[in-house]
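Since the structure comes first, as structure tokens, the remarks are kept for the end.
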Amino acid sequence: MATDQYQPLQGMSDLIAPEIDLWQALEARSRELLDRYAFTEIRTPVLERTSVFARSIGDTTDIVQKEMYTFEDRGGRSVTLRPEATAGVMRHVAGQGPEALESRLYYLGPMFRAERPQAGRKRQFHQLGAEILGPPNAAADAECIVLQKHLLDEWGLKDYRIRINTRGLPEDRRSVGAALRDALSPSVSALCEDCRRRYETNPLRILDCKNESCGREVDRLPPITHFMSSEARDYFQEVLRLLKRLDIPVEEQPRLVRGLDYYVHTVWEITGTALGAQDAISGGGRYVIPIGEKEVEGVGFAMGLERVMVALREQKADRKLISKRPKIWLISAGTAAFEENLVLMQSLRMRGLCCGMDLQGRSLKAQMRTANRQSAAHVIIRGEQEMERGTFVLKDMATGEQEELDMPGLMERVQALTPF
RNA sequence: GUGGGUGUAGCUCAGCUGGUUAGAGCGCCAGGUUGUGGCCCUGGAGGCCGCGGGUUCAAGUCCCGUCACUCACCCCA
């Protein structure tokens, strides 16, 4: 029944079995790896004051202008569902003492953008991200990229590309913008409508316009590093050198600038193949974010987990990530056996085993069907005969072999089935 | 926000130019085996044909609106 009242809001979905297995596997592997990289988790609220996002992401960006879920709370304050997590994390860090400015934090959770849904784009989606706080440091930038690659490899994702560029020092922004404007001034008329607007508001964004004629004009320009200070160029070269040293293949992409205002210095993007139009699975960069009177500096990235999962499914790598514990299904014939099985099931669970049984007292055949559907590795069958003899039938569902055991024998066999 | 495609059983879909009781496969339940799953056979349950309006003697089918899904643009993860 596809009736509206049973559906979640547009672009949002209920995550449930069997897909949830992939979510849990991805999350578990990620947390383990982030821990190995000495990051700790932070969970910030999903709802923040609107200014937290508007100031840091940038008033002219599409995210702030048309993609945020913004509304007034009961006290008349403007609040917003987070469209990304970096701003909230920085809000937290800015409120802490100076030692927090050296933190290594990661987050994993839902983000909200009121866009039109399409392949690889939901209104509620999930990001995994990490931040290394602190002033510009090429090693930190490089480590972020290393970590992302490691995550993708850990998940078993193949065929992705890492593209990288620099936006220069914060102080360079004004001069780079001005230089770009000068360089483009003869060809403004050749630019698309959006870019003519960007020419005034944010000339850097013209660089990654997908429009062909804009691309032709941009290709005539020297790379933007040309307009930057030598300090910015040296910093970027150092990042590239370290990445090479760490054996991370990246492609320089002089037109990559990314869409959020807070980025400075190194920016990068990871794209996957076979993802449709929305092929960016991860993006990141160094940033300077104003919060209240302070500015917080750091470097970080965010990965779109829905897109990662689409890519994993496409490459048939999703099933390899999921490991389910073997399950035992208890089968009873007769009410006496049923009740004894309830007791047995509980004691097996206390011993760390994963098990279940039909609670409705259906036919043995129906119980077996359920066991099969539950993909139980083994079943324990108990009926009148076994009750009389004080035994249990243990059946291996894969081979179909079964044996009759007494209690000590059953416990011994069953204990051997636990992974621990 | 703009444009294209699609809404029929739990799922995937068929339903020719409008015509009587709306179908298939899978899944589910039961039986074939009153103590054994998967494979096979038989039967059964399950449909406001997304929703609202209109045209017509008659609408799942045509028209309008609306909602949702989906793909793309814009942009982003």
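Note that these values count all heavy atoms, side chains included, but never hydrogens, waters or copies made by symmetry.
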Complementary nucleotide of [N], counting Watson-Crick and G-U pairs under 3.5 Å:
N      : result
B:rC51 : B:rG65
B:rG38 : none
B:rA77 : none
B:rG18 : none
B:rG25 : B:rC11
B:rA72 : B:rU2
B:rA59 : none

Under 4.0 angstrom, heavy atoms only, what part of the nucleic acid is [X] near: base, sugar-phosphate, or nothing?
X      : value
A:G120 : base
A:Q10  : sugar-phosphate
A:G334 : nothing
A:E115 : base
A:A371 : nothing
A:Q278 : base

[X] [atom1] to [N] [atom2], straight-line distance once rounded to whole Å:
X      : N      : atom1 : atom2 : answer
A:L9   : B:rC67 : CG    : P     : 14 Å
A:W23  : B:rA77 : CH2   : C1'   : 11 Å
A:D279 : B:rA72 : CG    : C1'   : 14 Å
A:L256 : B:rA77 : CG    : P     : 11 Å
A:R307 : B:rA77 : CZ    : C1'   : 5 Å
A:D208 : B:rC73 : CG    : P     : 14 Å
A:F53  : B:rA77 : CZ    : P     : 14 Å
A:M12  : B:rC67 : CE    : P     : 17 Å

So does [X] have more than 12 non-hydrogen atoms from other groups sitting under 6.0 Å from [atom1]?
X      : atom1 : result
A:K294 : NZ    : yes
A:E41  : CD    : yes
A:D247 : CG    : no
A:E384 : CD    : no

Residue whose nearest RNA chain B nucleotide is more 5′ - A:C209 or A:P117: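 Final value for this comparison: A:P117.
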
Between [M] and [N], how far apart are the [atom1] atoms? Round to whole Å, please.
N      : M      : atom1 : result
B:rC39 : B:rC71 : P     : 32 Å
B:rG7  : B:rG52 : C1'   : 15 Å
B:rU61 : B:rG23 : C1'   : 15 Å
B:rC41 : B:rC26 : P     : 9 Å
B:rG27 : B:rC73 : C1'   : 39 Å
B:rU2  : B:rA45 : C1'   : 46 Å
B:rC69 : B:rC29 : C1'   : 30 Å
B:rU8  : B:rC40 : C1'   : 31 Å

Please confirm whether A:R167 makes a cation-pi placement over A:Y263, using NZ or CZ under 6.0 Å from the six-membered ring centre and within 45° of the ring normal.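 Pair A:R167/A:Y263 does not count as cation-pi.
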
Per [X] side chain, nearest of listed nucleotides [options]:
X      : options                : value
A:R362 : B:rA30, B:rA77, B:rG3  : B:rA30
A:K66  : B:rC74, B:rC71, B:rA77 : B:rC74
A:A302 : B:rG1, B:rA77, B:rC69  : B:rA77
A:Q127 : B:rA77, B:rG3, B:rC74  : B:rA77

side-chain N/O A:Q118 vs B:rU70 OP1/OP2, d < 4.0 Å: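 A:Q118 to B:rU70 OP1/OP2: no side-chain N or O under 4.0 Å.
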
Encode nucleotides 32-41 of chain B as B, S and - characters from 5' to 3', where the letter depends on protein heavy atoms closer than 4.0 Å: B to the base, S only to sugar-phosphate, - to neither. B--BBBB---

Does any donor atom in the side chain of A:D141 or A:T266 lie under 3.5 Å from an acceptor atom in the other side chain?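 The criterion, which ignores hydrogens and geometry beyond distance, is satisfied for A:T266 and A:D141.
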
Between A:W329 and A:H378, ring centroids under 6.0 Å: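 No, the ring of A:W329 stays outside the 6.0 Å limit from the ring of A:H378, centre to centre.
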
side-chain hydrogen bond (donor to acceptor under 3.5 Å, both in side chains) assessment of A:H265 paired with A:Y287: CA-CA 8 Å; A:H265 276 303; A:Y287 47 77; over 6 Å; no

side-chain hydrogen bond (donor to acceptor under 3.5 Å, both in side chains) between A:R31 and A:Y106, worked out: CA-CA 9 Å; A:R31 291 204 149 91; A:Y106 82 87; 3.3 Å; yes

Spell out, as yes or no, whether a donor-acceptor pair under 3.5 Å connects the side chain of A:R163 to the backbone of A:L256.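 Side chain of A:R163 to backbone of A:L256, a donor-acceptor pair under 3.5 Å: no, none is there.
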
